[in-house]
Amino acid sequence: MLRLKRGGYKMKRTLSNITYFLNIYFKYGKKWFWIVVLSCLMPPFRAYIDIVLLRDVMDAIGGGEQFKEVITRIFVFLSIYLITSLSEQAIEVYFGETVNVKIANRVNQDIYEKVLKTDYKYFDEPEFYDNYTWTLGRFYQQTFSAVQLIWRFLFVAGTVFAVSAVMATMDVVTIFFVLVTVLLCSVFNWGTNKKIYQKNCMVQPYQRRLNYIQNVFYRKEHSLGLKATNIGNVFMEQYDQSSGEMVDVLKKYRGKIAMLGSGSIVATLAMKMGILIYLVYCVLEKGMSLGTFTALFYASETLKNNLESFLQFINQMQNLDLYTEKIRKFFGMSSVIEDDKCKGKEVGAEPFRIEFDNVSFRYGNQEGEVLRGVSFQIEPGQRVALVGENGGGKTTISKLLLRLYDVQKGQVRINGIPIGDCKLSQLREKIAIAFQDSMIYAMSLRDNIRIYDSKVGDDRIEWLMEQVGIDKILSKNKGSLDSELTREFSNEGLELSGGESQMVAVARVFIKEFGLLILDEPSASLDPLREYQLNQFLLKETKGRTVLFISHRLSAAKDADCILFLENGQISEKGTHEELMRKKGGYYEMFTKQAEGYTEKNETVCESGLK
């Protein structure tokens, strides 16, 4: 009774999974689905023709019919066969490939849209990336497999019915031989599929590690580190280790999989021998015609193949269960923040007023808090520098302002509105951020600069390029706004240095007016001269804007209207540069040490130049 309940639950879950994928396919290919359903009626009809034609022709030859009559009969059957085959091929050639490509692309877009709607906190979890990787590799495959299950069921069920009906009119016993063999093979195949799934699950973590290492060796930005450090050898050792562990998994399962596969082969051979012996007996002892003998032997193989396909349909339903869990888990993740992206209050277009009120925050299940009781205000049009040692929580504050995370304690307010009540889509449209790790995308320089507003004209872009010094990149490389950045798709693409990439990132945030600018280490990769020139540009262009400078390099902070010194997750000092220098606290100590190091560096450079 318990097994029946479990079987009923599994069948219910399987049908639920098939329905889940059919709904996805129906969104983009409903008409095509029904066209293929109609074409599924042709294979059963052709199977019937094959058996009947073979029997009638052999009996006609044995019965002494004239050559002309036999050829006429063959021609009629083959004409019907040809018409159905050409119709099926025409549907596939003219529509199949293009439709399936379109559906595959739309299905993959569903994955990307889900990523955009997924809360940022999930990106800190390895399980999310496992499910994400699994979904990327198998989502369309599983969607199409579910649809193919329905199609296969229709034409296989039709073929089994047609072939069984013909065989039953000639001899029922041969059907029994086939059924016993297919049942034995299905047991072996089910065991094989289960072992293959277990093997794939164990291989997945090692494969992910190998893919990561492969990506490191593939990406140009890693090439310098590979050449200049020992990291290449470290990765090679990890690659060998992961490869070895993956091979160990394959060795663990190969014997079991091979043994189960051998059982299916032996059962098939036994069936052929049994049917052949039985049919010879019928011909010699019961007067069966050679036409019936030939047709039954051929039909038995056709019936076996289609019954196995029918049982593979059941196995594939099981595989659908096995592989679907991770996919549905990926799409089923609830996102508290991103799901409410279009709900809430408008924050206004004017420069923002920012308030952090006793904010405490920790990442995931980490024990220590990154921020502890942080409180500060940024008035509209005020330029505030957030400084401190690396790892002190500075970038975390920018993530909270973008509401990538929700705080555990306290409150963040934008223009007096709790950030959780703000309309998130509009809030993020009003915030521009230049990250420390400037992302350069494989598209034109123009599109790289105007990522916040694709309608901005070339005049504005060219002015910004001149102000931040990007125009020199084009003159040096004889490029234009249409020049592709990176060599991902073109060998003529422009490769930017770290400093040049940062200048592109800075130009982006001045492409239009924003309620808040966040500049996260905007000059970290620049030489002192370029840093000074950039700081002068920022000082001029940020006037009247609400700006948050994030830096551990204090040369960029001293001109801010207010400086917040973040230490151990707390605001320990607050004031202007002059006020904090007079206090001689942590900011004073950090600024003094940086100034000394900067002076020594410049003196060394000068002495080297004199020599």
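Quick caveat, the model's predicted, so the values are computed rather than measured. Residue numbers count from 1 along this sequence. The figures that follow rest on heavy atoms only: side chains count, while hydrogens, waters and symmetry mates do not.
- A distance of 8.5 Å separates CG of Leu404 from CG of Leu424, quoted to the nearest 0.5 Å.
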Notebook entry, point to check: Step by step, would you call Arg208 with Asp130 a salt bridge (Lys or Arg N to Asp or Glu O under 4.0 Å)?
Noted result: CA-CA 8 Å; Arg208 185 180 167 199; Asp130 283 338; 3.1 Å; yes

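- The two atoms that bring Cys201 and Trp134 nearest to each other are SG-CH2, 4.4 Å, heavy atoms only.
- Side chain of Ser551 to backbone of Val387: no donor-acceptor contact under 3.5 angstrom is found.
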Notebook entry, point to check: Can you check side chain to side chain contact (heavy atoms under 4.5 Å, CB included) on Gln408 and Glu369, steps first, answer last?
Noted result: CA-CA 10 Å; Gln408 285 89 21; Glu369 291 180 326; 5.9 Å; no

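- With hydrogens and angles disregarded, a donor-acceptor distance shorter than 3.5 Å links the side chain of Gln502 to the backbone of Glu521.
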Check: Does the pair Leu516 and Lys430 meet the rule for a side chain to side chain contact (heavy atoms under 4.5 Å, CB included), with working shown?
Finding: CA-CA 7 Å; Leu516 172 65; Lys430 299 299 180 182; over 6 Å; no

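- Expressed to the nearest 0.5 Å, how far CZ of Phe331 lies from CE of Met333 amounts to 9.0 Å.
- Between Leu539 and Asn535 the shortest side-chain heavy-atom distance does not fall below 4.5 Å.
- Taking Phe21 as the reference, nothing meets the ring-ring contact (aromatic ring centres under 6.0 Å, His included) condition, with sequence neighbours excluded.
- Within 6.0 Å of atom NZ in Lys345, 12 or fewer heavy atoms from other residues, nucleotides or ligands are found, so the atom counts as exposed in its surroundings.
- Looking at heavy atoms from C-beta onward, Ser16 lies in side-chain contact with Arg328 at the 4.5 angstrom threshold.
- Arg460 places no side-chain N or O within 3.5 Å of a backbone atom of Lys512 that could act as its donor or acceptor partner.
- Distance check: Ile431 CD1 to Ile354 CD1 gives 6.5 Å after rounding to the nearest 0.5 Å.
- The environment of Phe537 atom CZ is dense: over 12 non-hydrogen atoms of other residues, nucleotides or ligands sit within 6.0 angstrom.
- Pairing each heavy atom of Glu567 with each of Ser572, the nearest pair is OE1-OG, 3.3 Å.
- Listed for the Arg353 side chain is no donor-acceptor partner under 3.5 Å among the backbone atoms of Pro380.
- Screening Lys121, Lys117, Lys343, Arg428 against Glu338 for a salt bridge (charged side-chain N to carboxylate O under 4.0 Å, His left out) leaves a single residue, Arg428.
- Between the side chains of Asn131 and Tyr122, no donor-acceptor pair of N or O atoms lies under 3.5 Å.
- Side-chain contact check for Ile378 versus Phe356: every heavy-atom pair is 4.5 Å or farther apart.
- In this structure, Leu494 and Leu445 have side chains that are not in contact, with every pair of non-hydrogen atoms separated by 4.5 Å or more.
- Among residues two or more places apart in sequence or in another chain, the ring-ring contact (aromatic ring centres under 6.0 Å, His included) test is passed with Tyr452 by Phe514.
- Considering only heavy atoms from C-beta on, Tyr28 stays 4.5 Å or farther from Thr143 through its side chain.
- Phe26 has its side chain out of reach of Val147: every pair of non-hydrogen atoms, C-beta onward, lies at least 4.5 Å apart.
- Proximity of a side-chain donor or acceptor of Asn415 to a complementary backbone N or O of Val347 within less than 3.5 Å is detected.
- Of the possible donor and acceptor atoms, none in the side chain of Arg450 sits under 3.5 Å from a partner among the backbone N and O of Lys455.
- Scanning both residues, Thr118 and Ser335, for their nearest heavy atoms gives CA-OG, 3.3 Å.
- Under the side chain to side chain donor-acceptor pair (under 3.5 Å) criterion, Thr486 pairs with no residue at all, not counting sequence neighbours.
- Minimum interatomic distance between Thr135 and Ile327 (heavy atoms only, all atoms of both residues): OG1-CA, 3.7 Å.
- Contact check on Asp357 versus Arg413 returns a salt bridge, with a Lys/Arg side-chain nitrogen under 4.0 Å from an Asp/Glu carboxylate oxygen.
- Partners of Lys114 by salt bridge (charged side-chain N to carboxylate O under 4.0 Å, His left out), not counting sequence neighbours: none found.
- Atom CG of residue Leu402 and atom CD1 of residue Ile397 lie 12.5 Å apart, to the nearest 0.5 angstrom.
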Item checked: Trace of the side chain to side chain contact (heavy atoms under 4.5 Å, CB included) decision for Phe510 with Gln467 -> CA-CA 11 Å; Phe510 290 98; Gln467 294 301 308; over 6 Å; no

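- Atom CG in Leu580 sits 5.5 Å away from atom CD1 in Ile563 (nearest 0.5 Å).
- Heavy atoms only, all atoms of each residue included: Gln382 and Gln377 are closest at OE1-O, 4.1 Å.
- Taking a 6.0 Å sphere around CD of Glu389, one finds it holds 12 or fewer heavy atoms contributed by other residues, nucleotides or ligands.
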Check: Checking side chain to side chain contact (heavy atoms under 4.5 Å, CB included) for the pair Leu534/Met503: CA distance, chi angles, key distance, verdict?
Finding: CA-CA 8 Å; Leu534 180 62; Met503 287 189 285; 5.5 Å; no

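- The two residues Pro351 and Gly544 have their closest heavy-atom pair at CG-O, 3.7 Å.
- Applying the side-chain contact (heavy atoms from CB on, under 4.5 Å) rule to Val115 yields the partners Phe123, Tyr132, Phe330; only residues at least two apart in sequence or on another chain are considered.
- With hydrogens and angles disregarded, a donor-acceptor distance shorter than 3.5 Å links the side chain of Thr546 to the backbone of Phe352.
- Between atom CE of residue Met443 and atom CD1 of residue Ile449 there is a gap of 10.5 Å, rounded to the nearest 0.5 Å.
- Between Phe235 and Tyr212, the ring planes are perpendicular. Angles over 60° get that label, and only those under 30° would be called parallel.
- Using modelled atom types, no side-chain atom of Gln411 and backbone atom of Pro418 make a donor-acceptor pair closer than 3.5 Å.
- When side chains are defined from C-beta on, Lys27 does not count as touching Arg106, because their heavy atoms never get closer than 4.5 Å.
- Heavy atoms from other residues, nucleotides or ligands lying under 6.0 Å from CD of Glu379 number more than 12.
- Applying the side-chain hydrogen bond (donor to acceptor under 3.5 Å, both in side chains) test to every pair with at least one member in residues 392-404, sequence neighbours left out, gives these pairs: Tyr363-Thr396, Thr395-Asp520, Arg403-Asp406.
- Under a 3.5 Å cut-off, the side chain of Arg530 and the backbone N or O of Val468 do form a donor-acceptor pair.
- Counted by atom type alone, Gln207 and Asn211 present one or more donor-acceptor pairs between their side chains at under 3.5 Å.
- Between the side chains of Ser242 and Arg209, no donor-acceptor pair is found at a separation under 3.5 Å.
- When side chains are defined from C-beta on, Leu401 counts as touching Ile414, because their heavy atoms get closer than 4.5 Å.
- The closest donor-acceptor contact from the side chain of Asp561 to the backbone of Val384 lies at 3.5 Å or more, if one exists at all.
- Using a cut-off of 4.0 Å between Lys/Arg side-chain N and Asp/Glu carboxylate O, Arg545 and Glu513 are scored as salt-bridged.
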